[in-house]
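Shown next, in structure tokens, is the structure this report addresses.
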Amino acid sequence: MELLNAYQSKIKMQTEAQHERELQKLEQRVSLRRAHLEQKIEEELAALQKERSERIKFLLERQEREIETFDMESLRMGFGNLVTLEYPKEDYR
């Protein structure tokens with residue numbers, strides 16, 4: 001009976017030790033995967049922010065060209081005597 005109890009105790013400790021090792025391996029894999037995903041998210045957010053900034057810059061440049069064209073057309077059509085309001089460009093950025 002003592003040998004059986006000792007054997008069962010030994011098997012139980014080995015099983016618990018194996019379980020603990022597997023748990024640590026899984027936690028390590030999860031940690032590495034999480035770090036990889038967080039890095040990928042940061043890279044994608046940076047790329048999206050860059051794309052957004054470039055798009056805003058493009059739209060502001062286009063708006064500026066359109067305003068200049070409009071002003072030139074207005075002057076050509078004789079609307080030069082009208083009062084124009086100049087808004088600072090920084091307000092729209």
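Within a 6.0 Å radius of CD in Gln28, no more than 12 heavy atoms belonging to other residues, nucleotides or ligands are found. The environment of Leu3 atom CG is sparse: at most 12 non-hydrogen atoms of other residues, nucleotides or ligands sit within 6.0 angstrom.
When the options Lys57, Lys50, Gln49 are evaluated for a side-chain contact (heavy atoms from CB on, under 4.5 Å) with Ser53, the one that passes is Gln49.
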Run Gln18 and Gln14 through side chain to side chain donor-acceptor pair (under 3.5 Å) and show every step you take. CA-CA 6 Å; Gln18 179 66 27; Gln14 288 176 347; over 6 Å; no
Between Leu45 and Glu42, does the side-chain contact (heavy atoms from CB on, under 4.5 Å) criterion hold? Intermediate values first, please. CA-CA 5 Å; Leu45 285 175; Glu42 288 177 12; 5.7 Å; no
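The side-chain contact (heavy atoms from CB on, under 4.5 Å) search around Arg76 returns Glu73, not counting sequence neighbours. Listed by chain and number, the residues in a salt bridge (charged side-chain N to carboxylate O under 4.0 Å, His left out) with Glu66 are Arg62 (sequence neighbours excluded).
Atom CD of residue Gln8 and atom NZ of residue Lys10 lie 13.5 Å apart, to the nearest 0.5 angstrom. Annotation: the span from Arg52 atom CZ to Glu54 atom CD amounts to 12.5 Å, rounded to 0.5 Å. Rounded to the nearest 0.5 Å, atoms CG (Leu75) and CE (Met77) are 11.5 Å apart. Distance check: Gln24 CD to His19 NE2 gives 10.5 Å after rounding to the nearest 0.5 Å. Taken to the nearest 0.5 Å, the CD1 atom of Ile41 stands 11.5 Å off from the CG atom of Leu48. From Arg21, atom CZ reaches atom CG of Leu26 across 13.0 Å, with rounding to the nearest 0.5 Å.
Proximity of a side-chain donor or acceptor of Thr15 to a complementary backbone N or O of Ile11 within less than 3.5 Å is detected. Not a single donor-acceptor pair under 3.5 Å links the side chain of Ser31 to the backbone N or O of Glu27.
Two residues are said to be in side-chain contact when any heavy atoms from C-beta on lie closer than 4.5 Å; Ile67 and Glu64 fail this criterion.
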